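Below you'll find the structure, written out as structure tokens, and then a few comments.
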Amino acid sequence: MNAERTWIKSSRSQNTTTCVEVTTTFDEIRDSKDPNGPTLKAAVAPLVQAIKTGRFEN
């Protein structure tokens with residue numbers, strides 16, 4: 001399944017242990033270190049918007 005999708009690595013990603021990738025359709029997320037591992041189906045655009053606006057901050 002993952003091979004059929006085009007993935008974009010986070011622009012903040014470096015050679016660390018906290019890297020993520022998102023599909024070009026913005027509906028799936030995965031750990032960039034494990035491209036054949038599990039993925040998370042999510043509406044990425046609204047999630048990113050919520051994070052940017054501080055919705056999850058205490």
Side-chain angles (χ1 to χ4, degrees):
M1 181 174 143
N2 291 344
E4 300 169 8
R5 297 211 171 268
T6 302
W7 293 87
I8 304 167
K9 192 170 185 177
S10 169
S11 62
R12 299 222 180 231
S13 182
Q14 297 176 2
N15 292 330
T16 67
T17 59
T18 57
C19 303
V20 296
E21 293 177 319
V22 64
T23 58
T24 54
T25 54
F26 296 102
D27 64 353
E28 209 166 345
I29 303 168
R30 73 178 180 189
D31 182 345
S32 64
K33 297 178 307 305
D34 189 9
N36 295 315
T39 62
L40 174 65
K41 291 271 190 185
V44 177
L47 175 62
V48 169
Q49 184 62 29
I51 292 167
K52 285 182 175 182
T53 60
R55 180 173 171 200
F56 302 111
E57 294 178 9
N58 291 331

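Position 1 is the first residue of the sequence, and the numbers go up from there. Small disclaimer: the values here were computed from a predicted structure and weren't measured. Atoms considered below: every heavy atom in the structure, side chains included; atoms not considered: hydrogens, waters and symmetry mates.
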field: Main-chain N/O of Pro35 paired to Arg30 side chain as donor or acceptor, under 3.5 Å
entry: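 Yes, because the side chain of Arg30 sits within donor-acceptor range (under 3.5 Å) of the backbone of Pro35.
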task: Kindly indicate whether the side chain of Phe26, heavy atoms from C-beta on, has any atom under 4.5 Å from the side chain of Leu47.
output: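 A side-chain contact is absent here, since even the closest heavy-atom pair is not under 4.5 Å.
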- request: Say whether Val48 and Trp7 are linked into one hydrophobic cluster, either directly or through other cluster members, by side-chain heavy-atom distances under 4.5 angstrom.
  value: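 Different clusters.
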- request: Run the numbers on Thr23 and Thr39 for side-chain contact (heavy atoms from CB on, under 4.5 Å), then give the verdict.
  value: CA-CA 10 Å; Thr23 58; Thr39 62; over 6 Å; no
Closest contact, heavy atoms only, Asp27 versus Arg5: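 Heavy atoms only, the tightest pair is OD2-NH2, 3.5 Å.
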field: Residue pair Asp31 / Cys19: nearest heavy atoms and the distance that separates them
entry: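 Closest approach of Asp31 to Cys19: OD1-O, 3.5 Å.
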query: If you measure from CD1 on Ile51 to CD on Glu57, what distance do you get to the nearest 0.5 Å?
result: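 The CD atom of Glu57 is 10.0 Å from CD1 of Ile51, to the nearest 0.5 Å.
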field: Nearest-0.5 Å distance that lies between atom CD1 in Ile29 and atom CD in Glu21
entry: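 CD of Glu21 is found 11.5 Å from CD1 of Ile29.
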